[in-house]
Amino acid sequence: MKGLFADVYIVLLGPPGAGKGTQAQRIAVATKLVHISTGDMFRENVKNQTELGKLANDYMSRGELVPDEVTIEMLLERISRDDARAGAMFDGFPRNVVQAEALDAALAREGAKVDFALLISVRDEELVARLGGRWICRNCGKLYHERNDPPKRAGVCDACGGELYQREDDRPEVVQSRLEKQKPPAALIEHYRKAHVLKEIDGEQSLDAVTAALLEAIR
Ligand code: AP5
């Protein structure tokens, strides 16, 4: 049986640290939509030392975007799989108009489109604090923050008991570069505004309030 959000395609937009990954994990549970994160896909490739991972790591470690050609090819392969045929939630893709148009074209070939583009807004000072305090489970990927959303036991995942780690690109000098180079460009926001699918969410509310606002926006 298809769920309430079957065939719905959502993109989560926002600067590094806005809460895209955290909220995508929560919304995936609420909507049963598959969560597709290009950042997670690149990190998996880095961990497995694939050719793609080696290439991506050069860019990620400098706080830069991986080239469109490579990113789009990886994303198109991912959405061609069965679990993405009945809707999906994209986290970290698209980052620019070239990527957005590639996604539009791929969905159009299946008679689908982006139904909601949800822009999570957070000020720079708060982004720096969030990225500096982020911890991630090495096993299941659950996200924590040492001050805002700490695990019950320091360094241990509540969900699966896995070890928590901090991302290489959350070092202060890389964070600075990410904040300079990776905020959603105005042209991308305009792309979705023109398509009448853009909604802006205040990302500086509590985790639960942001989740509620996002779910309200797609209801
Ligand atoms: P990616 O992993 O997508 O990184 P990002 O966009 O920089 O986003 P983050 O994952 O850092 O932050 P987030 O918004 O998910 O925040 P989170 O929920 O973790 O990409 C990594 C790299 O891969 C890029 O730099 C690039 O090189 C490459 N890449 C990926 N996609 C690409 C693409 N399409 N094209 C080209 N290159 C690409 O939250 C952060 C912290 O804040 C957590 O600790 C969390 O607990 C806390 N927090 C969240 N919400 C709240 C809240 N409401 N209140 C208090 N704390 C909160």
Side-chain angles (χ1 to χ4, degrees), residues 1-41 71 75 78-79 83-108 110-127 129-131 134 141-145 148-149 178-179 182-219:
M1 196 175 73
K2 284 190 166 185
L4 188 60
F5 290 94
D7 304 326
V8 170
Y9 288 90
I10 300 171
V11 301
L12 287 182
L13 307 173
K20 302 181 297 296
T22 305
Q23 295 299 335
Q25 290 179 351
R26 289 166 160 236
I27 294 170
V29 172
T31 60
K32 313 267 188 295
L33 287 170
V34 63
H35 169 197
I36 297 178
S37 158
T38 41
D40 286 349
M41 293 167 78
T71 306
L75 191 277
R78 178 65 189 87
I79 62 174
D83 65 349
R85 287 184 181 272
M89 181 175 33
F90 300 103
D91 153 18
F93 188 97
R95 302 286 184 135
N96 55 37
V97 174
V98 172
Q99 294 186 7
E101 287 176 343
L103 179 62
D104 289 347
L107 293 179
E110 302 297 324
K113 64 178 183 58
V114 171
D115 299 287
F116 301 100
L118 306 176
L119 173 62
I120 305 177
S121 301
V122 175
R123 286 167 305 135
D124 279 11
E125 311 86 92
E126 174 66 14
L127 295 171
R130 286 189 186 181
L131 294 171
R134 170 165 58 188
K142 188 165 166 32
L143 292 155
Y144 295 90
H145 189 277
N148 305 334
D149 187 21
R178 289 163 65 202
L179 291 181
Q182 296 199 26
K183 291 189 181 144
L188 178 63
I189 295 171
E190 197 48 35
H191 178 84
Y192 288 118
R193 198 190 305 280
K194 271 200 212 137
H196 306 290
V197 295
L198 182 75
K199 298 198 182 180
E200 190 166 356
I201 308 295
D202 173 7
E204 294 202 30
Q205 310 172 77
S206 69
L207 286 164
D208 288 346
V210 176
T211 307
L214 290 166
L215 288 172
E216 183 57 33
I218 61 175
R219 213 175 290 283

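The shown structure was predicted, so the numbers you read here are calculated from the model rather than taken from an experiment.
- Side-chain contact between Leu188 and Asn96 is absent, with no heavy atoms from C-beta onward closer than 4.5 Å.
- The heavy-atom pair separating Gly17 from Leu131 by the smallest distance is CA-CD2, 3.5 Å.
- Between Tyr192 atom OH and Leu119 atom CG the span is 11.5 Å, to the nearest 0.5 Å.
- At least one side-chain heavy atom of Asp124 sits under 4.5 Å from a side-chain heavy atom of Lys183.
- If you take CE on Met41 and CG on Asp91, they are separated by 11.5 Å, rounding to the nearest 0.5 Å.
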Exercise. What do the steps show when you test Phe90 against Leu75 for side chain to side chain contact (heavy atoms under 4.5 Å, CB included), and what is the final call?
Worked result: CA-CA 10 Å; Phe90 300 103; Leu75 191 277; 4.1 Å; yes
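- Residues Ile218 and Val8 form no side-chain contact, since every pair of their non-hydrogen atoms from C-beta on lies 4.5 Å or further apart.
- Side-chain atoms of Leu103 and Leu107, non-hydrogen and from C-beta on, do get closer than 4.5 Å to each other.
- Of the listed residues (Arg95, Gln99, Glu101), just one forms a side-chain contact (heavy atoms from CB on, under 4.5 Å) with Val97, and that residue is Glu101.
- Neither side chain, Asp40 nor His35, offers a donor N or O lying under 3.5 Å from an acceptor on the other.
- Residue His145 comes nearest to Arg130 through the heavy atom pair CD2-O, 3.2 Å, listed as atom of the first residue, atom of the second, then distance.
- Expressed to the nearest 0.5 Å, how far CG of Leu118 lies from CG of Leu214 amounts to 5.5 Å.
- Counting only heavy atoms from C-beta outward, the side chains of Thr211 and Thr22 never approach each other to under 4.5 Å.
- For the residue pair Leu127 and Pro16, the shortest heavy atom distance occurs at CD2-O, 3.2 Å.
- Within the 3.5 Å criterion, the main-chain N or O of Pro15 finds a donor-acceptor partner in the side chain of Lys20.
- With Asp149 contributing its side chain and Tyr144 its backbone, the two residues share no donor-acceptor pair below 3.5 Å.
- With rounding to the nearest 0.5 angstrom, the CE atom of Met89 is 12.0 Å from the NZ atom of Lys32.
- Distance check: Lys113 NZ to Asp7 CG gives 11.5 Å after rounding to the nearest 0.5 Å.
- Taking 4.5 Å as the limit, every side-chain heavy atom of Glu190 sits out of range of all side-chain heavy atoms of Leu198.
- Rounding to the nearest 0.5 angstrom, the gap separating the CD1 atom in Ile36 from the CZ atom in Phe93 is 10.0 Å.
- No side-chain heavy atom of Leu33 sits less than 4.5 Å from a side-chain heavy atom of Ile27.
- Here the closest heavy-atom approach between residue Ala112 and residue Tyr9 is recorded as CB-CE1, 3.7 Å.
- Glu200 places no side-chain N or O within 3.5 Å of a backbone atom of Ser121 that could act as its donor or acceptor partner.
- Looking only at distances, no side-chain donor or acceptor of Gln23 sits under 3.5 Å from a matching main-chain atom of Ala18.
- The shortest non-hydrogen separation linking Gln205 to Val210 is O-CG2, 3.7 Å.
- Of all heavy-atom pairs spanning Ala217 and Phe116, the tightest one is O-CE2, 3.5 Å.
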